[in-house]
K.L.:
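Pasting a structure below so you can have a look.
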Protein chains: 2
Amino acid sequence: MTEQTGVSAQDIVERVWLSIAERRLRPGVQLKEGQLAAIFDVSRARVRQALAALERDGLVTIIPNRGAFVCQPSVEEARDVFFVRRAVERCIVDRLCKSISKANVTRLRTHVAKERTANAQNITTDIIKLSGGFHLLLAEVASSDFLFATMRDLISRSSLITAVYRNTNRFNCGPDEHADIVEAIARGDPETATKLMEHHLEHVETELDLSEIRDQPHDLKSALA
Amino acid sequence: MTEQTGVSAQDIVERVWLSIAERRLRPGVQLKEGQLAAIFDVSRARVRQALAALERDGLVTIIPNRGAFVCQPSVEEARDVFFVRRAVERCIVDRLCKSISKANVTRLRTHVAKERTANAQNITTDIIKLSGGFHLLLAEVASSDFLFATMRDLISRSSLITAVYRNTNRFNCGPDEHADIVEAIARGDPETATKLMEHHLEHVETELDLSEIRDQPHDLKSALA
DNA sequence: GTCTGCATAATTGTAGACAATTAATACTAG
DNA sequence: CTAGTATTAATTGTCTACAATTATGCAGAC
């Protein structure tokens with residue numbers, strides 16, 4: 001029995017997102033509507049919805065009458081994204097130090113534990129999702145939907161930036177630095193927590209190689225496999 | 001000769017945006033696709049594009065199989081928006097103090113002058129656009145596209161929040177406070193500038209009445225006139 | 001050999017028709 | 001007179017065909 005459940009626009013978004021984050025889809029590659037429609041076996045209309053959502057998240061650029069292309073975030077934009085992340089996440093951590101429930105501390109610790117497991121077993125898909133998920137979880141326990149949505153947007157763009165400019169084989173956001181932040185929050189130490197968060201983000205940013213971009217179009221179907 | 005130039009999705013977005021900001025479209029009102037298509041004389045497909053964009057900006061909520069409704073931002077969300085704005089705009093101002101060109105200082109001063117004129121003549125449409133535009137201009141001169149897009153999103157939501165919760169007749173963002181911020185930036189004084197910006201945003205927030213929301217559906221066509 | 005102009009092919013944009021879902025109404029039973 | 005239900009109307013969701021735009025390949029001239 002082939003899973004004949006219809007593929008939603010969100011499904012397409014996530015598949016493309018992951019392919020970009022895992023560097024299988026390189027910046028500059030065109031995402032043709034007909035091609036995607038054939039691959040996912042859906043109508044072009046639904047593909048267009050997915051592409052519009054991906055554009056909103058800053059992962060693809062849609063040029064009118066030309067098509068959708070995987071973004072090539074500029075060095076300037078990369079720095080701006082981290083600029084905003086430092087500004088926002090510092091305040092989030094600060095707020096969390098001043099009021100966080102025991103249950104939420106547990107959630108954070110559990111998440112870090114999952115990250116450790118994924119890293120130990122070297123499962124790239126999980127590593128990528130979980131490392132970004134940590135920062136999302138911070139926003140979630142800190143406040144309501146809007147802050148969560150904002151961070152979701154920032155994380156999404158950060159993933160693309162990391163995929164493009166990362167020069168090491170290791171992924172950003174090691175679980176150790178995350179763990180330190182959680183413990184600083186748990187003991188209600190805003191000074192340390194905010195400083196750790198800033199250093200963490202600076203660390204991630206400085207690990208990027210902001211010199212060259214090489215675009216190499218390749219087979220779309222295999223990249224999405 | 002009636003201006004027979006086709007109405008773009010962006011045109012619809014701006015008309016709706018302004019109507020919401022001017023309180024002619026109240027929260028909770030349903031924006032029916034067919035209705036809008038008839039008013040603007042475009043196809044429903046284009047209306048759907050506009051509604052999707054408005055949802056992205058946080059101005060309407062789309063409930064599947066139900067339709068699009070003007071958002072009723074919760075008090076919690078309102079506070080979160082200003083929380084993020086304080087975090088981001090404080091950093092923007094700080095950055096500007098450390099490096100801003102003479103030409104950009106002039107642009108800021110010119111903008112404030114325009115605000116003064118609009119206030120003196122009491123042209124509400126201009127007042128709304130310009131007061132938000134000041135904060136957008138700060139982002140523009142501070143950096144590149146991404147920061148500008150981020151602020152655009154925040155301003156958009158702030159406008160809705162202001163429209164819903166404002167209790168005075170005056171609009172937020174008086175030009176005097178803006179002028180003070182510009183001068184602090186011009187003389188490169190980050191201490192004062194960031195403090196002024198924080199006070200300014202707190203001032204705007206505290207002027208809101210966060211007690212009641214009353215939704216009163218009314219005629220859509222006249223509201224968009 | 002390279003560049004320009006034209007014809008062809010491919011891709012995106014748009015609109016309209018049809019299906020699915022939800023809200024409103026009228027009707028019947030208790 | 002009220003509650004529940006079936007029917008009808010209205011609205012949203014989706015797909016497919018067609019139009020507009022752009023890219024590609026080819027022929028010919030310089």
Side-chain angles (χ1 to χ4, degrees), chain A residues 3-16 25-57 59-72 215-221 223-224, chain B residues 3-16 25-57 59-72 215-221 223-224:
Chain A
E3 37 193 22
Q4 191 49 41
T5 149
V7 178
S8 74
Q10 187 60 30
D11 294 336
I12 301 173
V13 169
E14 290 186 7
R15 279 276 282 282
V16 174
L25 268 178
R26 287 289 191 156
V29 177
Q30 181 172 11
L31 271 47
K32 297 180 184 177
E33 297 180 353
Q35 214 173 347
L36 288 171
I39 291 173
F40 290 103
D41 191 32
V42 296
S43 72
R44 260 184 59 216
R46 192 160 293 185
V47 170
R48 283 175 76 82
Q49 288 180 13
L51 290 176
L54 285 166
E55 188 196 28
R56 184 197 59 186
D57 292 338
L59 291 181
V60 307
T61 308
I62 294 179
I63 305 174
N65 291 321
R66 290 281 310 281
F69 304 83
V70 178
C71 266
Q72 294 189 177
D215 49 343
Q216 48 190 47
H218 56 307
D219 183 45
L220 177 57
K221 182 158 186 178
L224 290 168
Chain B
E3 37 194 23
Q4 190 50 40
T5 150
V7 178
S8 74
Q10 186 61 29
D11 294 335
I12 301 174
V13 169
E14 290 187 7
R15 279 277 283 281
V16 174
L25 268 178
R26 286 288 189 161
V29 176
Q30 180 172 12
L31 271 45
K32 297 179 184 177
E33 297 181 353
Q35 215 172 347
L36 288 171
I39 292 173
F40 291 103
D41 191 33
V42 296
S43 72
R44 258 184 61 216
R46 191 160 294 186
V47 170
R48 283 175 75 82
Q49 288 180 15
L51 290 176
L54 285 165
E55 189 196 26
R56 184 197 60 187
D57 292 339
L59 292 180
V60 308
T61 307
I62 294 179
I63 305 175
N65 292 321
R66 290 282 311 280
F69 303 83
V70 178
C71 265
Q72 294 189 178
D215 51 342
Q216 48 190 47
H218 57 306
D219 183 44
L220 177 58
K221 182 157 188 178
L224 288 168

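Here is the naming used below: chain letters follow the sequence lines, and residue numbers restart at 1 for every chain.
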K.L.:
Hey, is the side chain of A:Q30 poking within less than 4.0 Å of OP1 or OP2 on C:dT12, counting only N and O atoms?
P.N.:
yes
K.L.:
Go through residues 61-70 of chain A and report each residue with a non-hydrogen atom lying under 4.0 Å from DNA chain D, sorted by number.
P.N.:
A:N65, A:R66
K.L.:
Would the base of C:dG13 count as contacting A:R44 through its side chain, where contact means a donor and an acceptor less than 3.5 Å apart?
P.N.:
yes
K.L.:
Could you tell me if the side chain of A:C71 sits less than 4.5 Å from the side chain of A:T61, heavy atoms only?
P.N.:
yes
K.L.:
Return yes if some donor-acceptor pair links the side-chain N/O of A:D57 with the main-chain N/O of A:L54 below 3.5 Å, else return no.
P.N.:
no
K.L.:
Rounded to whole angstrom units, what separation is found between the NZ atom of A:K32 and the P atom of D:dT22?
P.N.:
16 Å
K.L.:
Roughly how many Å is it from CZ in B:R48 to P in C:dG13, rounded to a whole number?
P.N.:
17 Å
K.L.:
Using atom CG of A:L51 as one end and atom P of C:dT11 as the other, report the distance to the nearest whole Å.
P.N.:
14 Å
K.L.:
Please tell me if A:Q49 has a side-chain N or O lying less than 4.0 Å from either OP1 or OP2 of D:dT14.
P.N.:
yes
K.L.:
Round to the nearest Å and state the distance from A:E33 atom CD to D:dT16 atom P.
P.N.:
15 Å
K.L.:
Start with the C-alpha distance between A:F40 and A:R46, add both sets of side-chain angles, then the distance that settles side chain to side chain contact (heavy atoms under 4.5 Å, CB included), and finish with yes or no.
P.N.:
CA-CA 10 Å; A:F40 290 103; A:R46 192 160 293 185; over 6 Å; no
K.L.:
Round to a whole Å and report the spacing from CZ of B:F40 to P of C:dA15.
P.N.:
15 Å
